[in-house]
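Below, all heavy atoms of this structure are taken into account, side chains as well, without hydrogens, waters or symmetry copies. A note on names: the letters A, B, ... follow the listed sequences, proteins ahead of strands, and every chain is numbered from 1.
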Amino acid sequence: MGSSFRFRDDTPHEEPAVTLDAFLEQEDATAVRLEAGEDARQLIPYLDRLQLIEISFPRFRDGRGFSSARVLREAGYKGELRAEGDVLIDLIFFMRRCGFDSIVSEHSLNPVDVDAALNRYHHVYQNATDNAVPIWKLRHG
Amino acid sequence: MYKYDQYDQAMVDARVEEFRDQTRRRIAGDMNDDQFKPLRLKNGLYLQLHAYMLRVAIPYGTLNSQQMRKLADIARKYDRGYGHFTTRQNLQYNWIKLEEAPDILAELATVEMHAIQTSGESIRNISADQYAGAAADEICDPRPWAELLRQATTFHPEFSYLPRKFKIAVISAKTDRAALRWHDCALRIVRNEAGEEGFEVYAGGGMGRTPFIAYPIRDFLPAKQIFSYLQAILRVWNLHARRDNIHKQRMKILVHELGEEEFRRQVEEEFQNFLALGTDFPQAEYDRIAAYFTPPPFETGLSEEIDRSDPDFALWVDRQVAPHKAPGYAIANISLKPIGGIGGDITADQMDVVADLAERYSFDDLRATHVQNLVLPHVRKADLYTVWQVLREAGLADANLDLVTDVIACPGLDYCSLANARSIPVAQEIQRRFADMDRQLDIGELKIKISGCINACGHHHAGHIGILGVDRKGTENYQLLLGGSGAEDTSQAKITGPGFDEAGIVDAVERTVERYRDLREPGERFLDTYRRVGLDPFKEAIYG
Ligand code: HEM
Ligand code: SF4
């Protein structure tokens with residue numbers, strides 16, 4: 001069971017992710033896992049050396065990870081940003097817009113449905129942490 | 001009124017297809033109901049006691065005749081020939097089949113309507129002053145900002161799985177007709193000394209089991225920064241709200257737990273962050289939207305005279321008509337509170353009548369109010385008599401705005417699976433008890449609001465007189481509350497004491513009203529007298 005989707009071209013990072021506490025104690029870890037509710041901003045001093053940040057979604061209703069992801073991308077994080085846990089199809093579009101480029105779901109999601117969900121909306125109303133051009137910009141050039 | 005362009009239309013069309021697909025996956029068993037529930041809720045589909053309920057968004061309470069006729073068609077075709085206007089200016093259908101819901105959304109999309117984010121843990125449809133663009137006392141029309149925020153908050157990727165619902169209201173008049181500070185985020189348009197437009201911002205209001213009145217978080221926010229500021233509020237809440245107890249996840253709880261100062265500090269910090277990201281909509285987009293809300297071509301040189309020779313009409317004018325900013329025009333309120341009816345309910349045929357009136361006599365403009373009535377915002381004074389005659393013919397000419405029979409009541413145990421007690425029959429009994437028009441007029445402004453349980457859908461916390469259904473050893477029981485307000489003098493009602501059964505609560509209301517009549521000084525409304533004398537004299541009258 002389970003399924004994963006990756007939206008990056010580089011080779012996946014192999015090092016297992018450590019907890020935030022462990023990461024803050026170890027000088028050399030390059031992959032870290034944030035539990036829901038942990039403060040992503042604590043990672044900001046280390047973004048250059050991080051290659052994988054995994055953010056947990058313990059229950060799909062718990063949307064804290066969307067904000068955590070944006071906080072990291074806004075601070076300039078370029079590595080892999082993974083959503084892990086109770087990830088359902090209809091969350092993935094929003095996850096992509098918040099900067100996630102890797103999904104590891106505990107559910108076996110049908111790739112055709114995922115693809116349909118990702119391509120359903122051709123435009124967006126607002127800026128987020130992706131390259132989508134908001135509608136107001138399309139309207140005014 | 002705002003008109004969709006190709007982008008807006010594509011958005012709602014895609015939404016219909018998305019929901020069709022989600023419904024298909026649910027029916028095929030690819031999703032369980034727990035997984036499907038938040039998706040249907042984001043499309044306004046609730047499961048009630050007997051059937052699905054569909055809540056249709058009426059952004060900032062504004063609609064045109066074509067939309068109203070479509071709502072009537074849907075009521076006939078998919079429901080039982082009626083609809084229900086809610087306390088957040090939306091419309092609900094009570095008898096919907098899941099498999100037909102996507103078709104209804106498709107029909108709505110043909111008239112630029114939708115049910116997006118009308119329930120669930122999302123940024124809800126934005127409410128506004130129902131007199132917007134017509135009120136004699138407004139600074140400007142608040143709806144362009146409401147529309148801008150509607151777009152900005154639609155499918156917001158960061159804030160689509162919020163801790164709880166999030167409700168926004170926007171007004172621009174001193175008089176509050178939108179229960180402003182009972183919202184999570186309340187915006188009032190003001191001008192600073194330099195004449196610039198901005199918002200007075202309030203945060204952390206809400207009803208439910210733990211009521212809070214929103215507190216002022218910003219005196220003046222430059223208008224064009226509103227989206228940054230709103231996102232800052234949402235992010236602070238989204239990151240820090242509890243997630244372990246559904247009853248403690250509204251923003252009001254976080255504001256209360258952090259304290260106003262600390263909440264404000266965190267919001268200001270996050271605000272700087274959003275400003276730097278450049279997510280605010282540009283002036284050109286505001287201007288584009290605002291152009292849709294330019295005032296209609298009011299005629300000039302119209303007479304201010306209203307022929308009051310028909311006493312029933314004169315009574316209606318006195319109660320239902322409000323001053324308009326344009327000379328010769330008036331705002332006409334349509335009561336959806338006939339004695340013994342179900343407040344907010346309207347039949348499909350009545351919807352058609354109202355649509356015709358809006359088209360002929362009100363520049364095709366129609367409003368829904370949070371008190372569950374309707375408004376024709378721009379009627380020539382010379383046309384009022386004709387309008388009234390048509391309304392009377394359709395059973396819509398009650399003259400009880402803000403009077404004791406203009407009761408708000410939630411669906412209660414007649415429809416709602418969460419209810420402790422019935423609300424509608426209590427409202428009807430109160431209406432019958434006070435039906436005599438002379439008595440209503442003598443009592444004057446008195447806002448009664450009834451909820452069938454602690455969730456407070458019927459705004460009982462904000463009632464001059466509030467009634468709350470509670471469950472007492474398996475029988476329906478009602479508590480009485482006094483002194484609330486949802487107007488500019490916002491206050492939270494207080495419980496008087498032990499509860500009553502169904503007959504007892506109506507008696508208690510009557511004793512309260514009679515004590516007010518004994519105690520009042522000239523010109524005092526019930527609420528004024530209550531505030532002057534306090535709870536005790538009323539308790540004495542109620543409990544003897
Ligand atoms: C099946 C029917 C309904 C259900 C299950 C339902 C459920 C709820 C719940 C659980 C809350 C509490 C939210 C909270 O405390 O966070 C609530 C609040 C509310 N509901 Fe309903 N509701 C229903 C129908 C309605 C209707 C018909 C209206 C309008 C006429 C309405 C308007 C409201 C309002 C205004 C609030 C208060 C919002 C606040 O707390 O600030 N609801 N509802
Ligand atoms: S107040 Fe309670 S009973 Fe009334 S509609 Fe809301 S949830 Fe149902």
Side-chain angles (χ1 to χ4, degrees), chain A residues 36-41 57-71 73-75 86-100 107-110 112-113 116-130 132-141, chain B residues 5-8 10-11 14-15 17-18 21-22 25 30-31 34-39 42 120-121 148 150-163 227 231 234-244 246 270 273-274 276-289:
Chain A
E38 285 182 336
D39 181 6
R41 289 206 159 95
F57 284 77
R59 291 173 309 147
F60 69 88
R61 290 157 189 270
D62 185 338
R64 285 179 282 194
F66 291 100
S67 289
S68 302
R70 284 196 69 181
V71 162
R73 289 295 190 212
E74 285 163 12
D86 188 9
V87 178
L88 302 176
I89 287 175
D90 300 281
L91 276 68
I92 298 178
F93 175 68
F94 294 131
M95 288 177 164
R96 295 285 290 129
R97 296 214 63 212
C98 288
F100 286 105
H107 308 283
S108 46
L109 306 178
N110 178 345
V112 177
D113 290 340
L118 283 175
N119 292 299
R120 180 161 284 119
Y121 293 98
H122 298 290
H123 299 294
V124 296
Y125 274 124
Q126 63 294 89
N127 275 319
T129 320
D130 57 356
V133 180
I135 287 171
W136 57 255
K137 198 155 197 171
L138 297 171
R139 283 174 175 148
H140 300 286
Chain B
D5 66 1
Q6 85 229 47
Y7 298 110
D8 299 308
M11 202 64 109
R15 178 55 149 196
E17 287 321 306
E18 178 179 44
D21 184 50
Q22 289 164 343
R25 279 187 273 137
D30 292 349
M31 258 190 280
D34 191 44
Q35 295 166 337
F36 181 59
K37 188 175 168 192
L39 303 177
K42 284 188 198 330
E121 322 311 1
L148 186 145
R150 180 189 76 83
Q151 298 185 21
T153 57
T154 295
F155 309 142
H156 194 294
E158 184 176 347
F159 307 124
S160 284
Y161 286 84
L162 288 168
F227 188 37
Q231 290 178 103
L234 285 160
R235 183 177 283 178
V236 168
W237 174 48
N238 192 42
L239 280 173
H240 301 299
R242 292 173 60 162
R243 298 272 179 170
D244 60 339
I246 188 97
E270 205 67 72
N273 187 35
F274 273 104
L277 294 175
T279 54
D280 282 301
F281 286 33
Q283 184 67 36
E285 178 61 2
Y286 173 80
D287 293 343
R288 185 191 74 87
I289 293 171

Mind listing the closest non-hydrogen atom pair of [X] and [Y] along with its distance?
| X | Y | answer |
| --- | --- | --- |
| Glu38(A) | Ser68(A) | O-OG, 4.4 Å |
| Ala132(A) | Val124(A) | CB-CG2, 3.7 Å |
| Ala36(A) | Asp62(A) | CB-OD2, 3.7 Å |
| Glu270(B) | Val236(B) | CB-CG2, 4.2 Å |
| Pro134(A) | Tyr125(A) | CB-O, 3.9 Å |

If I measure from the heavy atoms of chain B, does [X] come under 4.5 Å with its side chain, its backbone, both, or neither?
| X | result |
| --- | --- |
| Asp39(A) | neither |
| His122(A) | neither |
| Arg59(A) | side chain |
| Thr129(A) | neither |
| His123(A) | both |

Could you go step by step and tell me if Gln126(A) and His156(B) meet the side-chain hydrogen bond (donor to acceptor under 3.5 Å, both in side chains) rule? CA-CA 7 Å; Gln126(A) 63 294 89; His156(B) 194 294; 5.2 Å; no
Could you look at [X] and say if it's the side chain, the backbone, both or neither that has a heavy atom under 4.5 Å from chain A?
| X | answer |
| --- | --- |
| Ser160(B) | side chain |
| Asp280(B) | backbone |
| Phe274(B) | side chain |
| Arg15(B) | both |
| Leu39(B) | side chain |
| Arg150(B) | side chain |
| Ala10(B) | neither |
| Gln22(B) | side chain |
| Asn273(B) | side chain |

In terms of heavy-atom pairs under 4.5 Å with chain B, which of Met95(A), Glu74(A), Arg97(A), His107(A) leads?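 Option with the greatest count: Glu74(A).
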Classify the angle between the aromatic ring planes of Phe60(A) and Tyr161(B) as parallel (below 30°), tilted (30 to 60°) or perpendicular (above 60°).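 Phe60(A) and Tyr161(B): perpendicular rings.
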Quick one: sort the Phe94(A) and Phe155(B) rings into parallel, tilted or perpendicular, breaks at 30° and 60°.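 The rings of Phe94(A) and Phe155(B) sit tilted, inter-plane angle from 30° to 60°.
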Working to the nearest 0.5 Å, report the span between CG of Asp21(B) and CD1 of Ile89(A). 8.0 Å
If you count heavy-atom pairs under 4.5 Å between each of [options] and chain A, which one has the most?
| options | answer |
| --- | --- |
| Phe159(B), Phe227(B), Tyr7(B) | Tyr7(B) |
| Glu158(B), Glu121(B), Met31(B), Gln35(B) | Glu158(B) |
| Gln231(B), Glu17(B), Gln6(B), Glu285(B) | Glu285(B) |
| Leu277(B), Thr153(B), Thr279(B), Asn238(B) | Asn238(B) |
| Asp30(B), Asp5(B), Leu162(B) | Asp5(B) |

Charged N to carboxylate O under 4.0 angstrom, Arg120(A) versus Asp90(A)?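 No salt bridge links Arg120(A) with Asp90(A).
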So His140(A) and Asp287(B), do their side chains get closer than 4.5 Å, heavy atoms only? no
Taking the side chain as every heavy atom from C-beta outward, state whether Asn127(A) and Trp136(A) have any pair of such atoms under 4.5 Å apart.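 Yes, side chains in contact.
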